[in-house]
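In what follows, a single structure is set out as structure tokens and then discussed.
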Amino acid sequence: MSTEDLRLNVEKALDEIRPFLQSDGGDISLLSIEDDKLVKVQLLGACVGCSVNQMTLKSGVEMTIKKYAPQIEQVINIEA
């Protein structure tokens, strides 16, 4: 998978999970993909101070991204 295809697949994954985040007043932004293995995102809005945002990141965001791009090993949130 090319780097551009990988980025498109990660964006598709984020588009799938975004409505769930937005329904709770949050959102997510893709910052970068490093070495085709590490995805850096930024949780936005209500997600920033949410006590379960790490669970959302691992159980929701990371799982969905891996469904679209299995070579991704880790998703991390970069706080603003």
Side-chain angles (χ1 to χ4, degrees):
M1 184 180 302
S2 74
T3 300
E4 184 58 29
D5 288 338
L6 180 59
R7 177 173 273 286
L8 288 172
N9 281 357
V10 170
E11 288 285 3
K12 284 181 198 172
L14 294 180
D15 286 344
E16 180 178 312
I17 200 153
R18 190 168 276 123
F20 299 102
L21 299 175
Q22 290 172 340
S23 71
D24 287 328
D27 207 345
I28 191 165
S29 176
L30 175 62
L31 299 178
S32 65
I33 302 171
E34 297 182 5
D35 301 323
D36 292 346
K37 294 179 188 166
L38 173 67
V39 175
K40 290 184 177 180
V41 296
Q42 188 170 61
L43 292 170
L44 305 167
C47 292
V48 173
C50 179
S51 61
V52 295
N53 70 10
Q54 285 305 307
M55 189 175 74
T56 298
L57 190 67
K58 292 295 175 193
S59 300
V61 177
E62 188 170 286
M63 189 176 71
T64 304
I65 287 175
K66 286 180 175 180
K67 182 172 76 175
Y68 284 85
Q71 69 269 46
I72 296 300
E73 294 175 1
Q74 187 178 15
V75 178
I76 59 171
N77 178 47
I78 305 298
E79 294 185 21

For residues 17-28, dump all side-chain donor-acceptor pairs below 3.5 Å to protein atoms at least two apart in sequence or in another chain.
| residue | atom | partner | partner atom | Å |
| --- | --- | --- | --- | --- |
| Arg18 | NE | Asp27 | OD1 | 2.9 |
| Arg18 | NH1 | Asp15 | OD1 | 2.7 |
| Arg18 | NH2 | Ile28 | O | 2.8 |
| Gln22 | NE2 | Asp27 | OD2 | 3.3 |
| Ser23 | OG | Phe20 | O | 2.7 |

Checklist line | Other ILVMFWY residues reachable from Tyr68 by side-chain steps of under 4.5 Å | finding: none
Check: What about Leu38 and Leu31, same hydrophobic cluster or not, with Ile/Leu/Val/Met/Phe/Trp/Tyr joined at side-chain heavy-atom distances under 4.5 Å?
Finding: yes
Check: With hydrophobic residues grouped by side-chain heavy-atom distances under 4.5 Å, do Met1 and Ile33 end up in a single group?
Finding: yes
Note to self: Show me the pairs that pass salt bridge (charged side-chain N to carboxylate O under 4.0 Å, His left out) and involve residues 67-80, at least two apart or across chains.
What the structure shows: Glu16-Lys67
Next item on the list: Output all residues satisfying side chain to side chain donor-acceptor pair (under 3.5 Å) with Asp35, sequence neighbours left out; order by chain, then residue number.
Entry: none
Checklist line | Residues in side chain to side chain donor-acceptor pair (under 3.5 Å) contact with Thr3, at least two apart in sequence or another chain | finding: none
Notebook entry, point to check: At what distance, to the nearest 0.5 angstrom, does OG of Ser29 lie from CD1 of Ile78?
Noted result: 11.5 Å
Notebook entry, point to check: Does Ile72 reach the side chain of Leu6, with side-chain heavy atoms less than 4.5 Å apart?
Noted result: yes
I'd like a table of donor-acceptor pairs (distance under 3.5 Å, sequence neighbours excluded) in which one partner is a side-chain atom from residues 55-66, with atom names and distances.
| residue | atom | partner | partner atom | Å |
| --- | --- | --- | --- | --- |
| Thr56 | OG1 | Val52 | O | 3.2 |
| Lys58 | NZ | Glu62 | OE1 | 3.1 |
| Lys58 | NZ | Val75 | O | 3.4 |
| Ser59 | OG | Met55 | O | 3.3 |
| Glu62 | OE1 | Val75 | N | 2.9 |
| Glu62 | OE2 | Lys66 | NZ | 3.4 |
| Thr64 | OG1 | Gly60 | O | 2.7 |

Check: For the side chain of Asn77 and the backbone of Leu43, is there at least one donor-acceptor N/O pair under 3.5 Å apart?
Finding: yes
Check: Who passes salt bridge (Lys or Arg N to Asp or Glu O under 4.0 Å) against Lys40, sequence neighbours left out?
Finding: Glu34
